[in-house]
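See below for the structure under consideration.
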Amino acid sequence: MLRISRKAKTAGHDRYAVDNNVGKRTFDIGMRKSMCTSAVGHPSDPNFMLSLARGLKVLRAFEGRTSLSVAEAARISDLSRPSAGRCLHTLVQLGYFREEGGRYSPTPALLPLACGFLTSTPLASASQAVANALRDRLEETVSVAALSPSDPGRIIYIARAERDQIIAAPLMVGSTLPSFCTSMGRVLLAALDSTDRDCWLGSATLKPRTKRTVVDPDMLRAELVRVAQQCWSLVEAELEPDLLSLAVPVRDHKGAVVAALNIATFSHAHSRDKMLAVQLPELRAAARQLERAI
């Protein structure tokens, strides 16, 4: 497993280094497979259910979409039409999807699956209250997200407390965004072992979202090193124009970076200097509060 240890604080910030000595204060970043290994397949694993993996790929194809045809689901999930069709048929028979006029859409039967995570995981159950309190105190939009275990290129929202809608697409618990051009994503990517981070950077497709999005792997690698050293990330106009966000890590009791907490606002509302001088201490205090709860 990948291990990262937390060194002594330098200049008031935590720094990280690879450490294979389990006896020291280490943490497992929770990714058992190398970033260079495909998430689907594993032909050498006799316990891996390829049919289940295909069904989950079809489920993920519906993210941000209200309905899909068999052909659309097959294209998005990179499966054959017969495979996608059988998955959708099974999901309909189990009540998780409905079919009308050749189009498939999810039903409320899927919600209890997410509810199990939200109510049984301390991080998820505590995050919303912390986000709500910080939003009310600062009058800014606050979010908590984790890195997707199956795709380091995405972050998954665990909690969100909005003041105003600051991004074109509505975001809620369960929504995902690219990790490389978001402040929370960079905090989470920066916590990865450098070998895995470099491996992911070598295979990732970095598509620009705005004119300011960093898509050069070497530039992004250097930025992630800075984020790891300073333990915060400030991103301006890389996800969307006029969007400014600041994020800090959230750690569990072993020191593992398990999530990121951020404030998002409009660039014209706050300067970068004000975000660092005023908002960063508030974010760090809220992160410590969340850490005590998990």
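From Ile156, atom CD1 reaches atom CG of Leu177 across 11.0 Å, with rounding to the nearest 0.5 Å. How far CG of Leu246 is from CD of Gln279: 7.5 Å, rounded to the nearest 0.5 Å. Of the inter-residue distances, the one linking Leu56 atom CG with Met49 atom CE reads 10.0 Å to the nearest 0.5 angstrom. Here the CG-CG distance, from Leu134 to Leu283, works out to 6.0 Å after rounding to the nearest 0.5 Å. Taken to the nearest 0.5 Å, the CG atom of Leu94 stands 10.5 Å off from the CG atom of Leu110. Distance NZ/Lys57 to CG/Leu52: 13.0 Å, rounded to 0.5 Å.
Listed by chain and residue number, Arg54, Val58, Ser77, Ser83 satisfy the side chain to side chain contact (heavy atoms under 4.5 Å, CB included) test with Leu79 (two or more places apart in sequence, or in another chain). In this structure Phe97 satisfies the ring-ring contact (aromatic ring centres under 6.0 Å, His included) test together with Phe62, sequence neighbours excluded.
Minimum heavy-atom separation, Val235 to Cys181: CG1-O, 3.6 Å. Heavy-atom minimum distance, Arg60 versus Ser150: NH1-OG, 3.3 Å. When all heavy atoms are compared, the tightest approach of Pro152 to Leu147 is O-CD1, 3.4 Å. Nearest heavy-atom pair across Ala53 and Phe48 is CB-CZ, 3.7 Å. The minimum heavy-atom distance between Ser267 and Leu244, with the atom names listed, is OG-CB, 3.9 Å. Of all heavy-atom pairs spanning Val173 and Ile158, the tightest one is CG2-O, 3.5 Å.
Within the 4.5 Å cutoff, the side chain of Val248 has no heavy atoms near those of the Val187 side chain. Two residues are said to be in side-chain contact when any heavy atoms from C-beta on lie closer than 4.5 Å; Arg135 and Glu140 fail this criterion. Thr210 has its side chain out of reach of Leu243: every pair of non-hydrogen atoms, C-beta onward, lies at least 4.5 Å apart. Counting heavy atoms from C-beta outward, Leu276 and Trp232 have side chains that approach closer than 4.5 Å. When side chains are defined from C-beta on, Thr182 does not count as touching Arg186, because their heavy atoms never get closer than 4.5 Å. No side-chain heavy atom of Leu91 sits under 4.5 Å from any side-chain heavy atom of Arg86. Taking 4.5 Å as the limit, some side-chain heavy atom of Leu171 sits within range of a side-chain heavy atom of Tyr157. For the pair Trp200/Leu189, a side-chain contact is recorded, criterion being any heavy-atom separation below 4.5 Å from C-beta on.
Counting non-hydrogen atoms of other residues, nucleotides and ligands closer than 6.0 Å to CZ of Arg65 gives a total above 12. Around the CG atom of Asp242, the shell of radius 6.0 Å holds more than 12 heavy atoms that belong to other residues, nucleotides or ligands.
Met219 and Phe180 end up in the same hydrophobic cluster when Ile, Leu, Val, Met, Phe, Trp and Tyr side chains are linked at under 4.5 Å. Linking ILVMFWY side-chain heavy atoms closer than 4.5 Å, directly or via other members, places Val130 and Val258 in a single hydrophobic cluster. Note: the hydrophobic cluster containing Leu50 does not contain Leu88 (ILVMFWY, side chain heavy atoms under 4.5 Å, direct or indirect links). Note on Leu138 and Val278: separate hydrophobic clusters, where clusters join Ile, Leu, Val, Met, Phe, Trp and Tyr whose side-chain heavy atoms are under 4.5 Å apart, directly or indirectly. Criterion: ILVMFWY side-chain heavy atoms under 4.5 Å apart, direct or through other members. Under it, Val227 and Leu201 are not part of a common hydrophobic cluster.
With 3.5 Å as the limit, one finds a donor-acceptor pair spanning the side chains of Thr176 and Arg154. Under the 3.5 Å distance criterion, with hydrogens and angles disregarded, no donor-acceptor pair is assigned to the side chains of Glu238 and Thr213. Between the side chains of Ser183 and Ser245, at least one donor N or O lies within less than 3.5 Å of an accepting N or O.
Shown are Asp252, Leu188, Val250, Leu192; of these, the side chain to side chain contact (heavy atoms under 4.5 Å, CB included) with Val257 is made only by Leu188.
The side chain to side chain donor-acceptor pair (under 3.5 Å) pairs that include a residue from residues 107-130 are Gln128-Asn132, where partners are two or more places apart or lie in different chains. Listed by first and then second residue, the salt bridge (Lys or Arg N to Asp or Glu O under 4.0 Å) pairs involving residues 93-121 are Glu72-Arg103 (not counting sequence neighbours). The stretch residues 216-226 participates, sequence neighbours left out, in these salt bridge (Lys or Arg N to Asp or Glu O under 4.0 Å) pairs: Asp198-Arg221, Asp218-Arg221, Glu223-Arg226.
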Q: Quick one: do Val225 and Arg197 satisfy side-chain contact (heavy atoms from CB on, under 4.5 Å)? Show the steps, please.
A: CA-CA 10 Å; Val225 170; Arg197 187 167 62 236; 4.3 Å; yes
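The backbone N or O of Met172 lies less than 3.5 Å from no partner atom in the side chain of Arg160, so there is not a single donor-acceptor pair. Remark: side-chain polar atoms of Asn262 are not paired, donor with acceptor, to backbone N or O of Met184 under 3.5 angstrom. With hydrogens and angles disregarded, a donor-acceptor distance shorter than 3.5 Å links the side chain of Thr141 to the backbone of Arg163.
Salt bridge status for Arg272 with Glu236: present, with a side-chain N to carboxylate O gap under 4.0 Å.
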List the atom pairs, with distances to 0.1 Å, where a side-chain N or O of residues 287-294 and a protein N or O form a donor-acceptor pair under 3.5 Å, not counting sequence neighbours.
unit_1: Glu291; atom_1: OE2; unit_2: Arg251; atom_2: N; d: 3.0

